Trainee: 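To start, I am sharing the structure in question, which I have written as structure tokens.
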Protein chains: 2
Amino acid sequence: MDHQDARELRSRGMAATGRRLLVLRFLRLQREPRSAAEIHACLRSHGDHIGLTTVYRTLAILVRADLVHAFKRNGETAYRICNRGRHCHLVCRGCGAVTEIVASGLEPASTAGFRIEEIYGTCSACLESEPPVRPGTGPGPGSSAG
Amino acid sequence: MDHQDARELRSRGMAATGRRLLVLRFLRLQREPRSAAEIHACLRSHGDHIGLTTVYRTLAILVRADLVHAFKRNGETAYRICNRGRHCHLVCRGCGAVTEIVASGLEPASTAGFRIEEIYGTCSACLESEPPVRPGTGPGPGSSAG
DNA sequence: ATGACTGCAAACGATTTGCAGAATC
DNA sequence: GATTCTGCAAATCGTTTGCAGTCAT
């Protein structure tokens with residue numbers, strides 16, 4: 001509901017303008033992170049007039065307010081609504097899917113003292129559709145490794 | 001030793017040119033990742049003539065050959081010599097330090113099926129020098145969370 | 001009515017590409 | 001000697017900034 005978002009924004013000292021509610025509402029509908037360009041294009045194609053600059057500025061504000069989290073995806077930044085509280089993100093480089101997980105279960109001895117914030121890798125679904133790199137084929141060990 | 005690097009490059013189908021050995025040798029001396037601009041500047045200030053374009057092209061080749069790994073650092077890409085074999089990287093957003101760790105110890109139930117490649121966060125040293133965010137001060141839980 | 005928000009166009013930094021000359025194999 | 005590599009300058013991509021007009025409070 002807009003009033004909810006508006007209150008959320010207001011409580012954080014920022015004006016609840018139409019464009020901001022637009023971006024916030026759009027992000028609430030997305031399961032995966034979206035880039036500024038994507039958000040901009042989607043909103044425009046939906047008939048909403050908003051500038052790319054405003055999208056960037058709004059996202060920066062939402063990130064600072066901890067309402068949205070930013071992920072690096074290839075050469076660009078993608079944004080997603082984010083729950084508050086101590087958690088970290090599992091980000092798949094293949095499909096871009098993001099899963100929030102509890103960090104406490106991920107800190108064995110090898111990472112002692114290191115606060116995990118994001119984990120990048122490949123999810124099970126994308127692992128299956130990976131190029132066939134079976135041992136014995138391609139540039140594997142045994143060919144010319146030193 | 002140069003001959004070693006040269007052989008390494010040759011065995012991967014790429015010419016062992018002076019510039020490539022230059023970049024490779026430089027990276028071997030670095031403990032932390034370095035950006036293309038940093039590599040370029042350091043080599044030049046050392047008296048070696050090399051173009052920024054060549055640095056980028058060489059790095060791309062070394063990454064494809066699995067000799068070097070690329071890390072996203074703020075708005076740029078940083079590169080570091082990388083051991084082959086199954087391992088993942090622990091990258092500190094504060095100081096940029098990278099540690100290679102064995103991934104097998106990092107896959108509890110919550111990440112089942114997910115292949116971890118990189119972990120971003122904050123190392124213990126940087127955690128201590130963080131801004132004083134004590135509970136009760138600032139935008140902590142209990143203020144207006146919904 | 002004031003001050004913050006918005007949009008356009010230009011600026012910006014990192015990276016890539018086109019093409020002529022120089023190196024390697 | 002053919003092919004690949006190299007460097008410069010220009011182009012590209014994502015993002016930020018300057019400034020005048022618009023909106024929310």
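Hydrogens, waters and symmetry mates are skipped; everything else that's a heavy atom, side chains included, is used. What you see is a predicted model; the values in this text were computed from it and never measured. Naming convention: chains lettered A, B, ... in sequence-line order (proteins, then strands); numbering from 1 in each chain.
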Trainee: Which nucleotides of nucleotides 11-25 of chain C have their base under 4.0 Å from a protein heavy atom (B), which only their sugar-phosphate (S), and which neither (-), written as one string 5' to 3'?
Mentor: ---SBBB-------S
Trainee: Whole Å only: how far is the CZ atom of A:Arg20 from the C1' atom of D:dT22?
Mentor: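 Checked: the CZ to C1' distance equals 14 Å.
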Trainee: Quick one: list whatever passes salt bridge (charged side-chain N to carboxylate O under 4.0 Å, His left out) with B:Glu117, sequence neighbours left out.
Mentor: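 Listed in chain order: A:Arg93, B:Arg115.
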Trainee: Distance from B:Thr54 atom OG1 to B:Ile39 atom CD1, nearest 0.5 Å?
Mentor: 12.5 Å
Trainee: What's the CD1-C1' distance between A:Ile50 and D:dC23, to the nearest Å?
Mentor: 14 Å
Trainee: When rounded to the nearest 0.5 angstrom, what is the spacing between OH in B:Tyr120 and CG in B:Leu90?
Mentor: 11.0 Å
Trainee: So which pairs with a foot in residues 41-75 of chain A pass ring pair (Phe, Tyr, Trp, His ring centres under 6.0 Å), sequence neighbours left out?
Mentor: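 Only A:His69-A:Phe71, A:His69-A:His89, A:Phe71-A:His89 qualify under ring pair (Phe, Tyr, Trp, His ring centres under 6.0 Å).
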Trainee: Enter the distance from A:His87:NE2 to A:Glu100:CD here, rounded to the nearest 0.5 Å.
Mentor: 3.5 Å
Trainee: Any chance you could lay out the side chain to side chain contact (heavy atoms under 4.5 Å, CB included) test for A:Arg25 and A:Leu22, step after step, and finish with the verdict?
Mentor: CA-CA 5 Å; A:Arg25 202 185 325 153; A:Leu22 217 55; 4.2 Å; yes
Trainee: In this structure, how many angstroms lie between the P atom of D:dC23 and the CG atom of A:Leu21, rounded?
Mentor: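 Rounded to whole Å, this separation is 16 Å.
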Trainee: Which residues pass the side chain to side chain contact (heavy atoms under 4.5 Å, CB included) test with B:Leu9, sequence neighbours left out?
Mentor: B:Met14, B:Ala16, B:Arg20, B:Leu21, B:Leu24, B:Leu62, B:Leu67
Trainee: Can you see if the side chain of B:His49 gets near the phosphate of D:dC8 - specifically, an N or O under 4.0 Å from OP1 or OP2?
Mentor: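 For D:dC8, OP1 or OP2 has a side-chain N or O of B:His49 closer than 4.0 Å.
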Trainee: Output the rounded distance in Å from CD (A:Glu38) to C1' (D:dG14).
Mentor: 13 Å
Trainee: Provide, to the nearest angstrom, the distance between the CG atom belonging to A:Leu59 and the P atom belonging to C:dC5.
Mentor: 15 Å
Trainee: Is B:Arg73 salt-bridged to B:Glu38, going by a charged N under 4.0 Å from an acidic O?
Mentor: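 Salt bridge between B:Arg73 and B:Glu38, a charged N being under 4.0 Å from a carboxylate O: yes.
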Trainee: Between B:Arg44 (CZ) and D:dT6 (C1'), how many Å, whole number?
Mentor: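 In whole Å, D:dT6 C1' lies 12 Å from B:Arg44 CZ.
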Trainee: Can you tell me how far P of D:dT4 sits from CG of B:Leu9, to the nearest Å?
Mentor: 16 Å
Trainee: Would you mind reading off the distance between A:His40 atom NE2 and D:dC13 atom C1', rounded to a whole angstrom?
Mentor: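 Answer to the nearest Å: 16 Å.
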Trainee: Just jot down the side chain to side chain contact (heavy atoms under 4.5 Å, CB included) partners of B:Ala60, sequence neighbours excluded, or say none.
Mentor: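 Partners of B:Ala60 by the side chain to side chain contact (heavy atoms under 4.5 Å, CB included) criterion, ordered by chain and then number, come out as B:Arg64.
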Trainee: Compute the angle between the rotation axes at the two ends of the helix from C:dA1-D:dT25 to C:dC25-D:dG1, each taken over five pairs, rounded to 10 degrees.
Mentor: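 Answer rounded to 10°: the end axes differ by 40°.
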